[in-house]
Amino acid sequence: MTTVPRTGDALPPLEIPVTRTLIVAGAVASRDYQDVHHDAEAAREKGSPDVFMNILTTNGLVGRYVTDHFGPRAVLRKVAIRLGAPNYPGDTMTLTGTVTGVTDGPDGTTLALVRVAGANGLGHHVTGTVTVEVPR
Amino acid sequence: MSGEERAHDARDGLYDRLRAYEGKPAAIAGRGKDPVNLPMIRHWCEAMGDAHPAYRGPDAVAPPTMLQAWTMGGLSGHQDRSEAYGELLGLLDGAGYTSVVATDCEQEYLRPLRPGDEITFDAVVESVSPRKTTKLGTGHFVTTRMDVRAGGELAGTHRFRILKYAPAARPAKPAEAAKPAEAVERPRRPRPVVNRDNAGFWEGVAAHRLLIQRCAACGTLRFPWLPGCNDCGAGEWDTVEAGGEGTVHSYVVMHHPPFPAFDPPYAVGLIELAEGVRMISNVVGVPYDKVRIGMPVRLEFQRVDEELELPVFRAVEDGPAAGPGEGER
């Protein structure tokens with residue numbers, strides 16, 4: 001099913017439990033072997049209280065959140081994110097999104113600009129904008 | 001950057017040396033270690049919980065957000081980094097900024113990546129920031145921009161910002177950091193620093209009066225409160241109470257970074273009071289993106305927690321003469 005974007009539409013929130021498994025699986029799937037994403041002891045030595053989610057995983061989750069909503073034919077065109085408070089194990093990140101603009105895309109598609117935010121127990125983990133192409 | 005940080009940069013000359021790397025290559029003719037392939041796509045989708053049908057089956061494309069993953073060095077590291085980029089990171093390491101955290105990622109996807117695509121990439125150091133102090137510690141932001149090609153054709157661009165920093169002395173406690181959302185008390189706004197030079201202002205706020213200082217010698221009004229007159233230098237003063245009318249002289253909208261107790265986006269206004277002085281405060285009663293220069297506002301006092309009240313400015317619908325109005329015009 002395809003959801004037709006309209007400016008002002010709010011996407012239903014998505015809660016992501018930030019497990020140690022998700023952090024490590026995301027880091028490995030993105031081929032990011034920085035120890036702060038899988039080795040809690042090494043993370044503490046570097047001043048972080050625990051392992052934390054890498055930016056590629058956050059990027060992947062933000063992309064998934066938007067395409068989940070707009071349906072199987074939705075195509076990501078741009079994803080721009082900024083990270084704030086880290087995603088530590090045991091926390092929950094709630095992604096929310098709002099369509100802030102809609103324009104005509106190529107080949108009779110619609111391009112929607114979606115503002116996305118991911119909040120966790122510490123504050124804003126991620127803020128960003130996603131451009132997604134949706135067939136009409 | 002604070003004056004102190006600027007002075008620090010000037011003293012050690014590090015920033016000038018770092019800035020010399022702007023425009024230099026960060027990676028030259030890099031090659032993805034694996035061609036785009038179904039197993040890596042499937043592992044990614046499993047980790048992300050992404051069931052998008054375009055990423056499965058015989059005609060699968062890679063999730064666009066995997067763009068950077070195809071360029072990663074993995075466990076065996078990067079052989080593609082340029083000498084210049086290595087030197088830049090080495091300079092930062094040498095200055096004590098040994099930790100690294102990614103802060104921004106901006107990607108544009110020009111064509112889908114399909115299994116079998118051979119990935120090549122080039123990257124350039126776009127900018128190095130002056131020395132910044134963040135919650136994590138002090139350091140420099142380094143921004144790189146990468147062109148990712150598939151079979152020689154531009155498939156996407158990837159702008160990436162890292163902070164190379166020296167960790168702050170006291171990291172947060174793990175137990176505190178891992179508290180679930182509902183267990184965390186809402187942080188309180190910072191307390192004002194009240195001293196003998198501004199105590200009268202806060203006493204006024206407590207009595208719901210916005211007090212402006214007036215020079216007893218020359219009559220010049222001043223705000224914020226200061227021990228002496230900027231105009232004539234006299235130390236004697238009294239106060240006048242602001243009538244509460246004002247206009248938005250200028251404003252910014254705060255998006256990022258969010259601070260505890262503040263809920264961005266919100267508008268911060270420079271309000272010109274009818275008396276002629278200006279003060280910084282929040283503009284309320286209007287969406288952050290509807291605040292405009294010249295907008296009439298009226299003073300009110302907002303209780304932000306059990307012990308703190310602040311003067312804020314509420315947007316006035318049509319100016320004082322138009323009478324009460326509801327909603328948007």
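Computed from a predicted structure; not experimentally measured.
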> Strictly by modelled atom types, are A/Thr67 and B/His52 linked by a side-chain donor-acceptor pair under 3.5 Å?
Replying inline: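 Distance-only check fails for A/Thr67 and B/His52.
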> What part of B/Arg159 gets closer than 4.5 Å to chain A, counting heavy atoms only: side chain, backbone, both or neither?
Replying inline: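 Neither; nothing under 4.5 Å.
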> At a heavy-atom separation under 4.5 Å, does B/Val100 approach chain A through its side chain, its backbone, both, or neither?
Replying inline: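 For B/Val100, the side chain is the part near chain A, not the backbone.
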> Do A/Arg64 and B/Pro63 have side-chain heavy atoms sitting under 4.5 Å apart?
Replying inline: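 Contact flag for A/Arg64/B/Pro63 side chains = no.
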> How about B/His255 and A/Thr127: do any of their side-chain heavy atoms sit closer than 4.5 Å?
Replying inline: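 Result no, sub-4.5 Å side-chain heavy-atom pair not found.
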> What closest approach, in Å, do A/Gly60 and B/Trp44 show between heavy atoms, and which atom pair accounts for it?
Replying inline: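 Nearest heavy atoms, A/Gly60 then B/Trp44: CA-CZ2, 3.7 Å.
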>> Please find the pair of heavy atoms, one from B/Ala47 and one from A/Ala29, that lie closest to each other, and give the distance.
In response: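 For B/Ala47 versus A/Ala29, the nearest heavy atoms are CB-CB, 4.1 Å.
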>> Does anything in residues 27-43 of chain A form a salt bridge (Lys or Arg N to Asp or Glu O under 4.0 Å)? List the pairs, not counting sequence neighbours.
In response: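 For residues 27-43 of chain A: A/Asp35-A/Lys46.
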> Relative to chain B, which of A/Ser30, A/Ala119, A/Gly123 shows the most heavy atom pairs under 4.5 Å?
Replying inline: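 Among A/Ser30, A/Ala119, A/Gly123, the one with the most close pairs to chain B is A/Ser30.
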Hey, could you give me the [atom1]/[atom2] distance between [X] and [Y], rounded to the nearest 0.5 Å?
X: A/Leu56; Y: B/Cys105; atom1: CG; atom2: SG; result: 6.5 Å
X: B/Met48; Y: A/Asp68; atom1: CE; atom2: CG; result: 13.0 Å
X: A/Leu83; Y: B/Leu163; atom1: CG; atom2: CG; result: 11.5 Å
X: A/Ile55; Y: B/Asp104; atom1: CD1; atom2: CG; result: 6.5 Å

[X], [atom1] atom: more than 12 neighbouring heavy atoms under 6.0 Å:
X: B/Arg189; atom1: CZ; value: yes
X: B/Asp289; atom1: CG; value: yes
X: A/Asp107; atom1: CG; value: no

> chain B heavy atoms under 4.5 Å from A/Phe52: which part of the residue, side chain, backbone, both or neither?
Replying inline: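 It is the side chain, since no backbone atom gets that close.
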> With a 4.5 angstrom heavy-atom cut-off, which part of A/Leu22 approaches chain B: side chain, backbone, both or neither?
Replying inline: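 For A/Leu22, the contact with chain B is made by the side chain alone.
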>> If we define contacts as heavy-atom pairs under 4.5 Å, which of B/Met40, B/Glu108, B/His43 has the most with chain A?
In response: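 That would be B/Glu108.
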>> Non-hydrogen contacts under 4.5 angstrom with chain B: give the residues of residues 74-82 of chain A involved, or none if there are none.
In response: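 Listed by number, the contacting residues are A/Ala74, A/Leu76, A/Arg77, A/Lys78, A/Val79, A/Ala80, A/Ile81, A/Arg82.
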> Would A/His124 and B/Asp263 satisfy side chain to side chain contact (heavy atoms under 4.5 Å, CB included), going step by step from the backbone distance to the final call?
Replying inline: CA-CA 9 Å; A/His124 288 259; B/Asp263 208 10; 4.3 Å; yes
